[in-house]
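Structure first, commentary second.
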2 protein chains.
Amino acid sequence: MATLSTPAPTPAPTPTSPPGAVACSNCNLRELCLPMGFTPDEFARLDALVATRLTLKRGETLFRSGDPFRALYAVRTGFFKTRIGSEDGRDQVTGFQMAGELLGLDGISSDQHNCDAVALEHSQVCVIPFSQLETLSRGFPELQRQFHKIMSREIVRDHGVMMLLGSMRAEERLAAFLLNLSHRLKARGFSPSALLLRMSREEIGTYLGLTLETVSRCFSRFQEDGILEVRQRQVSIVDQTTLERLVSGASA
Amino acid sequence: MATLSTPAPTPAPTPTSPPGAVACSNCNLRELCLPMGFTPDEFARLDALVATRLTLKRGETLFRSGDPFRALYAVRTGFFKTRIGSEDGRDQVTGFQMAGELLGLDGISSDQHNCDAVALEHSQVCVIPFSQLETLSRGFPELQRQFHKIMSREIVRDHGVMMLLGSMRAEERLAAFLLNLSHRLKARGFSPSALLLRMSREEIGTYLGLTLETVSRCFSRFQEDGILEVRQRQVSIVDQTTLERLVSGASA
DNA sequence: CGGAGAATTGACCAGGATCAATTGAAGTGG
DNA sequence: CCACTTCAATTGATCCTGGTCAATTCTCCG
C-alpha cells in the first residue's frame with residue numbers, strides 16, 4: 001500500500017554532519033525538546049552529544065523497521081510520519097511528528113527499529129546517539145528525568161490514540177486529530193487555526209482507522225456545517241468550539 | 001460505565017509492608033521483571049529498592065487517574081486492567097497486566113497517574129519508588145538499560161494495539177487478543193491453550209474497541225468453527241493455526 | 001431457592017467500507 | 001505556454017460489519 005510517491009530510488013538520507021552552526025544551547029526548539037533549566041556547562045555537554053544532523057527530502061525514510069537501533073532523532077524542521085506494517089500489507093500510521101519531537105523510541109526495546117519513519121516534507125533531524133545519551137544521563141539527573149518524561153509522554157499519547165481508535169466515531173476522530181495538530185502548531189508559535197496538512201487523506205485515514213473516502217466526506221461535512229474551510233490540504237478552523245464539543249461526544 | 005462490581009466502598013489497598021520474605025534476588029519472576037545477569041551485590045541493591053508490597057482484592061484500585069505519581073508497581077501475582085476515561089463517560093481499557101509486568105509508566109510524564117489500575121482478581125504488587133529507581137539506575141548501567149527497554153517495550157506494545165484497533169476486523173481482534181494472552185501465559189509456564197479469562201466480555205470489548213455482544217458472538221462463532229472451546233470464561237484454544245491465520249488477515 | 005450480574009442470542013439498523021466515476025491540482029515534455 | 005500524464009481528492013451508490021435494543025439463559029452467591 002503505497003502512501004507517498006518516491007519516484008527516485010531514494011538512497012540513504014544525506015548525512016550532513018557539518019557542526020559549527022546550531023547547537024542545543026542556542027537552538028530555538030530547546031524548550032520543546034528538552035525543557036529544563038540547564039546550566040551553561042550542562043548545555044556544553046548536550047551540544048557534544050548532539051553533533052550530527054541529517055537532511056531528508058520529502059518521501060525519504062529516516063529508518064525502517066528492522067534497521068539496527070543506534071540513535072534517537074529530534075525533528076528540527078519538517079514533518080514525519082511513523083508507520084508499522086503487518087505481514088499482509090496493511091499498515092498503520094502510528095503518529096505524525098513535527099519540530100521538537102523525538103523519533104525512534106520504539107527501537108530501544110529490541111535494539112532495532114520497530115517502525116518506519118518517513119519525511120512528509122523536506123526535513124532536518126538531530127542525531128542523538130543512544131548509548132551516549134544513556135551515559136550522559138547517568139551523570140546528569142535533570143537530563144535523565146527529562147528523558148524519562150519524554151518516553152512516558154509517548155506512552156500517554158499512545159493511550160490517547162487508543163481511546164480515539166477504540167471509542168470514537170469518524171467525525172470525532174477527525175475533530176480530535178485536527179485539534180491536536182492545532183495545539184501543537186500553536187505551541188510552536190504558528191497559527192492554531194490555519195493548518196497546512198502535510199499528509200494525504202489516505203495517511204490521515206490510516207492513522208485514524210478510517211478510509212480516505214470517509215476522511216474526505218468528514219472534511220466536506222465540516223465545511224458544510226461551517227466548522228472548517230477546506231481547500232485541499234489547506235484547512236482553516238472556523239469554529240473551534242464546535243470542534244471541541246464534537247470530541248467530547250456531544251453530537252452538537 | 002461500570003466495568004467491575006465493587007460492592008464494598010473499596011478503601012485504599014492494604015499496605016502489607018512486611019519485608020523479610022521474598023526479595024528480587026530470589027523472586028521467581030525476576031527473569032520477566034528484570035531479565036539481566038546481575039551480580040549478588042547488584043541484587044542486594046535491588047532488594048533494598050523494592051521493599052514494600054501491596055495486596056489488593058478483586059475490584060480494588062491500585063491507583064487512579066490524577067493520583068500523585070511516586071512509584072511504579074510490578075505485578076507479583078494476580079491480574080490487572082488499566083483504563084482511561086473521557087469526560088463523557090466512555091472509557092477505554094488500555095491493557096491487561098499479569099505477573100512480571102509493570103504498572104504506572106504513564107505517570108512519569110506529568111508526576112501524576114494518567115489512568116486507573118484495577119485488580120481483576122486477588123493480586124499482589126511490588127512497590128518501586130520511582131525517584132529511588134532513577135537514583136539507583138544512575139550508578140547501575142544494566143538497570144538503566146533494562147528500564148529503558150521496558151518503557152520502550154510498552155510503546156511498541158501500544159503501537160501493536162493501535163494496529164489492532166485501526167485496521168483489524170472483529171474476529172481478527174479477538175484472535176490477536178487470545179493469542180497474545182496465550183503467549184504471555186506460556187512465557188510464565190502456564191498452558192498456552194487453556195485460558196481462564198480474568199475479565200468480562202465487556203472489558204474485552206472495551207479493550208478491543210467492540211461491544212460486549214460482538215465479543216460474545218465472535219466467541220460463539222469460533223466455537224462453531226472448532227477453533228475454540230468456550231465455557232464462560234474458560235476458553236480452550238483448539239486450533240491455534242487457524243487463529244494465527246485469522247490475525248494475518250487471511251479469512252481462514 | 002431466589003436474585004443479580006454475566007453471557008448468549010435474535011432482530012433490526014446505521015455508520016463506514018467498498019466500488020466506481022469524476023473533478024481538481026501539479027508536474028512533464030513537446 | 002499548453003496538452004498530457006499522474007496522482008490526490010471529491011462525490012455518489014450500494015453493501016456489510018458491527019452497533020443497538022431487547023429477550024432469555026446461565027452462573028454464582030447469599
TODO: Give the nucleotide from the list C:dT9, D:dA9, D:dG18 with an atom nearest to the side chain of B:Arg169.
DONE: D:dG18

Open item on the list: Regarding B:Gly205, tell me which of base, sugar-phosphate or nothing describes its non-hydrogen contacts under 4.0 Å with the strands shown.
Closed with: nothing

- [ ] Compare side-chain N and O positions of B:Ser220 against OP1 and OP2 of C:dT9 and report whether any pair is under 4.0 Å apart.
- [x] yes

Task: NZ/NE/NH1/NH2 to OD/OE distance under 4.0 Å, A:Arg157 and A:Glu154 - done: yes

Open item on the list: Is it true that B:Gln240 and B:Ser193 share a donor-acceptor pair across their side chains at a distance under 3.5 Å?
Closed with: no

Task: Proximity to the side chain of B:Thr214 - top-ranked nucleotide from C:dA7, D:dA9, D:dG18 - done: D:dG18

Task: Phosphate OP1/OP2 of D:dC7: any A:Ser200 side-chain N/O under 4.0 Å - done: no

Open item on the list: OP1 or OP2 of C:dT8 versus the side-chain N and O atoms of B:Ser216: is any pair under 4.0 Å?
Closed with: yes

TODO: Return no unless some side-chain N or O of A:Arg233 is found under 4.0 Å from OP1 or OP2 of D:dA9.
DONE: yes

Task: Identified side chain to side chain donor-acceptor pair (under 3.5 Å) partner of A:Glu203 from the options A:Arg83, A:Lys81, A:Arg198 - done: A:Lys81

TODO: Assess whether one donor atom and one acceptor atom, taken from the side chain of A:Glu213 and the base of C:dC19, lie less than 3.5 Å apart.
DONE: yes

Open item on the list: Can you tell me how the ring of B:His113 sits relative to the ring of B:Phe63, calling it parallel under 30°, perpendicular over 60° and tilted otherwise?
Closed with: parallel

- [ ] Spell out yes or no: do the side chain of B:Arg217 and the base of C:dG10 have one donor N/O and one acceptor N/O closer than 3.5 Å?
- [x] yes

